[in-house]
Amino acid sequence: MQKQLSKTYEPSEAEARIYADWERGGYFHAQIDSEKQPYTIVIPPPNITGQLHMGHALDNTLQDILIRWKRMMGYSALWLPGTDHASIATEAKIVARMKEEGLTKEDLGREGFLKRAWEWKEVYGGRIIQQLKKLGSSCDWERERFTLDEGCNRAVNTVFVRLYEKGLIYRGERMINWCPHCLTSISDAEVEYTEKEGHFWHLRYPFSDGSGDIQVATTRPETMLGDTAVAVNPEDERYTAFIGKTVILPLVGREIPIIADSYVEKDFGTGAVKITPAHDPNDFEVGIRHGLPVINVMTEEAVINENGGKYAGLSRFDARKSVLADLDAGGFLLKTEPMKHNVGVCYRCQTVVEPLISKQWFVKMAPLAAPAVEAVKKGETRFVPERFGKIYLHWMENIRDWCISRQLWWGHRIPAYYCGCGEVIVSARKITGCPKCGGKVTRDPDTLDTWFSSALWPFSTLGWPENTEDFNYFYPTDTLVTMYDIIFFWVARMIFSGLEHTGQVPFKTVFIHGMMRDELGRKMSKSLGNGPDPLEEIEKYGADALRFSLVTGNSPGNDMRYYAEKVEASRNFANKLWNAARFILMNLGENPPPPYLPDDLRIEDKWVLSKFNRVAGEINENLEKFELGLAVEKIHNFAWDVFCDWYIEVSKTRLREDGQAVENVAAVLVWVMNGIARLLHPFMPFITEEIWQTLPHTGETVMLAPYPQFDPALDFSAAEQNFERIMAAIQAIRNLRAEMKVPPSKKAHVTIATEFGELFEACAPYITRLASASGVTVAKSFSGEGYARAVTPDAVAYLPVDELCDPAAETARLQKELDSARAQLATVNAKLQNESFTQKAPPTVVENQRETAKRLEQVIKKAQEALNSLGSSV
RNA sequence: GGACGCAUAGCUCAGCUGGUUAGAGCGCUCGCUUCACACGCGAGAGGUCCACGGUUCGAGUCCGUGUGUGUCCACCA
């Protein structure tokens with residue numbers, strides 16, 4: 001049965017249908033198969049609150065390309081999907097929604113709130129999954145997971161208990177980063193530093209004995225309410241006499257000491273620093289070293305508390321103004337200078353974080369980081385591009401303990417219980433009574449950092465801590481595909497977690513891509529509204545076009561701009577393929593042609609097969625090296641420039657011949673088109689399936705068809721070279737005609753003088769067709785009087801000159817060609833005459849240059865002859 | 001204060017371990033209803049590969065310095 005294809009490809013109609021067929025066929029499902037090698041990718045789980053954006057589109061396109069390629073290579077390829085509960089982000093959204101209804105978390109209580117959160121998950125968790133499907137993602141949906149599901153919870157509890165028992169998780173009172181908006185602690189990694197215009201205020205603290213004062217400088221004057229010392233550098237001669245003295249803290253009246261600590265830099269500010277142990281990480285350390293009192297002057301909302309005296313109740317920023325005004329009034333403010341300084345903000349809500357002392361749970365990092373450093377140094381896990389490995393190592397080598405407890409409800413609850421007797425019980429199973437005294441225990445109200453559960457994602461999703469078949473077969477995973485912004489948050493933590501809990505790295509390669517930016521190079525953001533919606537683009541151009549445009553020109557680790565024009569170009573390419581397939585289909589008889597007969601292959605058949613073969617080999621190499629941008633460019637060039645522009649054009653002549661010639665050319669057309677469909681399938685999954693299904697094929701789906709590989713039997717370099725002689729002649733004739741402004745409708749009889757008589761004779765019909773000739777005569781030589789000449793290294797084509805051709809222009813044209821060839825030859829000869837070149841350069845390179853020289857000499861000879869005969873004829 | 005990326009055609013970008021006449025897409029110019037495709041066909045124009053120095057027979061590619069630009073890390077109050 002022959003199927004007729006419409007003139008333009010309609011992706012919106014085809015994609016949904018094809019995706020449904022794939023799902024129905026179960027092709028996404030990876031089977032455990034001891035005959036096959038596994039290839040595993042776990043998805044970076046998108047947030048349940050999220051909507052698909054261009055960054056997701058890129059990330060998932062890259063993953064899908066790799067997984068589809070490996071699947072076609074015969075691997076048991078598993079792409080394991082899922083979503084992330086994203087504790088802070090999700091909780092914040094739910095709280096905001098509740099606020100619109102006039103509700104607070106406390107109104108609902110923990111149970112009620114969690115019920116709402118799970119409802120939210122049900123509504124929105126599925127949304128992004130549907131969007132991933134629109135992109136064509138071939139995830140194994142039967143294995144879909146959620147970071148807060150039961151299995152992940154089991155893994156989290158197991159890990160927590162295990163680390164606790166090893167002493168790698170501890171609870172303690174430390175200075176942590178606190179977000180006064182999210183009302184939770186956050187880790188160091190979750191603080192972003194932004195440079196802000198601030199001030200440097202110089203203050204005067206009078207000595208208690210009235211003998212003068214000492215000047216300090218600060219960017220946060222409101223914290224002076226909690227000052228418990230002034231520190232100077234012990235080496236600083238200006239101040240050595242004052243060490244041990246005390247000052248009276250202005251506005252507060254507290255007597256505080258002047259201490260010496262080498263942390264203070266002599267040359268910065270005034271050389272004397274006010275010390276607020278409760279509100280600055282450095283001051284905290286200084287406080288410990290000197291046994292200073294810690295006076296917390298702020299609430300969790302960053303409002304001055306009762307320790308702040310008259311300023312109690314003011315926000316930290318209002319308190320700053322008020323304190324400054326009072327200091328100024330009291331003559332304590334000496335100088336105000338503008339200063340740029342780094343301010344830490346919460347990565348979720350951009351609120352300025354407040355360093356606070358608080359009792360939290362921590363992961364002790366040093367013992368976990370050491371093997372994670374080693375693994376990357378030894379190359380057990382490799383970063384692509386490599387430079388990100390250095391960034392990872394630098395971070396890992398300087399890591400500090402990880403604050404993992406969060407004062408949130410949406411997340412994995414910390415499996416720790418406290419008894420009135422002072423006993424702390426950490427248990428994966430719920431407990432009710434204290435094992436020591438039998439008293440009632442209360443569970444820690446806090447939850448864990450979202451990234452604590454994502455850190456386990458590569459193995460928790462495969463069934464760990466159970467010793468499952470999936471885990472044994474698919475772990476460690478192969479490739480992790482993600483953007484550079486979450487190397488610390490996620491990648492690093494997966495690596496040390498994998499090593500600690502499974503004894504193996506969680507993945508062999510980390511493939512890092514850049515950020516999608518808008519057409520002006522700006523970051524895409526919701527507030528700017530500059531991020532095109534991938535779903536709209538898919539609707540408009542098709543998922544294939546979007547995917548293709550996202551990998552074209554993409555190089556690992558580099559950012560990329562989004563251009564609708566680029567997607568349009570990709571859409572045009574898809575349409576080009578569509579029409580190539582249409583052309584083939586229109587020319588097939590009732591029955592599919594039998595495979596081509598190798599002995600009957602003509603030169604152009606060998607040419608196209610050889611080209612295809614080489615490109616297939618190269619593309620596999622590129623994919624192996626994660627050079628997806630290069631791979632996609634090669635397929636594009638082959639399909640368009642080689643196959644469509646030349647082979648199909650040549651085939652048109654042959655399809656009008658009889659018998660075996662037709663069958664064979666049809667067979668080659670089908671073979672190559674089928675090959676293109678397979679080669680391109682990972683990049684453009686939908687249209688390639690549609691084309692593959694329409695043309696003769698074996699198998700159910702192109703998804704499971706073998707990926708083209710280099711085949712030595714298809715390497716016809718001699719034929720390639722010969723057909724290129726023909727192509728060169730055709731191009732030269734076209735060029736000549738264009739310069740003479742001859743319209744294509746005006747055919748001319750072409751005479752070709754060449755040494756390759758047999759070759760040109762055989763290809764004469766193609767030359768006739770592709771060079772707009774009325775006919776072709778091949779000769780050993782030709783006098784050429786009154787003719788224009790198209791010169792190639794192997795032939796001179798003569799076109800009859802009529803009134804359209806200006807002999808003077810023709811002379812100039814030939815002269816130009818001659819000059820250019822001579823100039824090139826001069827540089828090549830210079831190289832060849834250079835002895836150090838011929839001696840030191842690799843033989844192949846020298847040989848190359850020799851051939852180039854030969855070719856150029858030919859051109860010069862031919863052009864010279866042509867010029868001479870033209871001269872004689874004018 | 002460290003570390004890193006980028007600087008190549010009008011625009012956006014490729015260019016792997018040094019050797020091609022430096023490429024692509026878009027844009028531009030000229031010509032074309034050539035029986036798959038105007039989402040097309042054919043022919044073109046357009047580049048001191050940021051600057052300077054070095055290594056080499058040979059550098060867009062490697063090294064150094066500088067300029068511009070971007071990012072990450074870092075406790076200078």
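Chain A is the first sequence line, chain B the second, and so forth, proteins listed ahead of strands; every chain is numbered from 1.
In this structure, K7(A) reaches the sugar-phosphate backbone alone: every heavy-atom distance under 4.0 Å involves primed, P, OP1 or OP2 atoms, never a base. Note on R571(A): a base of the nucleic acid sits closer than 4.0 angstrom, heavy atoms only. D645(A) comes within 4.0 angstrom of the backbone, heavy atoms only, and of no base. Nucleic acid contact class of F573(A) (heavy atoms, under 4.0 Å, all strands): none. Within the 4.0 angstrom heavy-atom criterion, only backbone atoms of the sugar-phosphate kind lie near W640(A); the bases stay farther away. Contact annotation for K566(A): no contact, since no heavy-atom pair falls under 4.0 Å across all strands. Residue contacts for Y563(A): at a heavy-atom cut-off of 4.0 Å it reaches the sugar-phosphate backbone alone, with no base atom in range. Residue R522(A) is classed as having no contact, given no heavy-atom separation below 4.0 Å to the nucleic acid. Using a 4.0 Å heavy-atom cutoff across all strands shown, L630(A) reaches sugar-phosphate atoms only and no base atom.
Proximity of residues 839-852 of chain A to RNA chain B (heavy atom under 4.0 angstrom from any strand atom) is restricted to K840(A), A841(A), P842(A), V845(A). Residues from residues 542-561 of chain A placing a heavy atom under 4.0 Å of any atom in RNA chain B, listed by number, are G553(A), S555(A), N558(A), R561(A).
C13(B) and G27(B) have their C1' atoms separated by 14 Å, with the value rounded to a whole Å. Between the P atoms of C49(B) and C75(B), the separation comes to 43 Å (whole Å). For the P atom pair drawn from G54(B) and U20(B), the interatomic distance equals 22 Å after rounding to whole Å. With both ends at atom C1', the span from U55(B) to A43(B) equals 43 Å, rounded to whole Å. Straight-line distance between the P atoms of A59(B) and G19(B): roughly 11 Å, to the nearest whole Å. Distance check on atom C1': A51(B) versus G60(B) gives 14 Å, rounded to whole Å. If you take atom C1' in C32(B) and the same atom in A14(B), they sit 31 Å apart, rounded to whole Å. When the C1' atom is used for both C39(B) and G44(B), the distance is 23 Å, rounded to whole Å.
For Y647(A), the side chain to side chain donor-acceptor pair (under 3.5 Å) partners two or more places apart in sequence, or in a different chain, are D605(A). Residues passing the ring-ring contact (aromatic ring centres under 6.0 Å, His included) test with F638(A) are F612(A), sequence neighbours excluded. Listed by chain and residue number, nothing satisfies the side chain to side chain donor-acceptor pair (under 3.5 Å) test with R855(A) (two or more places apart in sequence, or in another chain). Residues satisfying the side chain to side chain donor-acceptor pair (under 3.5 Å) test with Y205(A), not counting sequence neighbours, are D227(A). Shown here are the side chain to side chain donor-acceptor pair (under 3.5 Å) partners of D518(A), two or more places apart in sequence or in another chain: R522(A), N530(A).
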Which atom pairs, one a donor and one an acceptor, fall under 3.5 Å between side chains of residues 726-738 of chain A and the rest of the protein, sequence neighbours left out?
residue	atom	partner	partner atom	Å
R734(A)	NE	L770(A)	O	3.0
R737(A)	NH1	K746(A)	O	3.1
R737(A)	NH1	S772(A)	O	3.2
R737(A)	NH2	P743(A)	O	2.9
R737(A)	NH2	K746(A)	O	2.7

What side-chain donor-acceptor pairs closer than 3.5 Å can you find for residues 622-634 of chain A, not counting sequence neighbours?
residue	atom	partner	partner atom	Å
N622(A)	OD1	K634(A)	NZ	2.8
N622(A)	ND2	E627(A)	OE1	2.7

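Residue order along RNA chain B, read from the 5' end via each residue's closest nucleotide, puts T838(A) first among T838(A) and K523(A). The 5' end of RNA chain B is approached more closely, in terms of each residue's nearest nucleotide, by K390(A) than by the other of K390(A) and F200(A).
Comment: E739(A) does not engage K741(A) in a salt bridge, judged by the lack of any side-chain N to carboxylate O separation of less than 4.0 angstrom. Here K266(A) does not pair with E235(A) in a salt bridge; the nearest charged N to carboxylate O distance is not below 4.0 Å.
Note that the first and last nucleotides of RNA chain B, 5' to 3', having any atom under 4.0 angstrom from a heavy atom of chain A are C4(B) to A77(B).
E337(A) has its side chain out of reach of W201(A): every pair of non-hydrogen atoms, C-beta onward, lies at least 4.5 Å apart.
Among pairs with a residue in residues 544-571 of chain A, those fulfilling salt bridge (charged side-chain N to carboxylate O under 4.0 Å, His left out) read D64(A)-R547(A), R517(A)-D559(A), at least two apart in sequence or across chains.
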For RNA chain B, what string of dots and brackets results from 5' to 3' when Watson-Crick and G-U pairs need both distances under 3.5 Å, crossing pairs get [ ], and pairs with another strand get |? (((((((..((((.....[...)))).(((((.......))))).....(((((..]....))))))))))))....
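The aromatic rings of F573(A) and H636(A) sit tilted relative to each other, their planes meeting at an angle between 30° and 60°.
Separation of the F488(A) and Y392(A) ring centroids does not fall under the 6.0 Å cut-off.
Partner W578(A) forms a side chain to side chain contact (heavy atoms under 4.5 Å, CB included) with one of T8(A), I687(A), T694(A) and no other, that one being I687(A).
At distances below 3.5 Å, not a single donor-acceptor pair connects side-chain atoms of T509(A) with backbone N or O atoms of F511(A).
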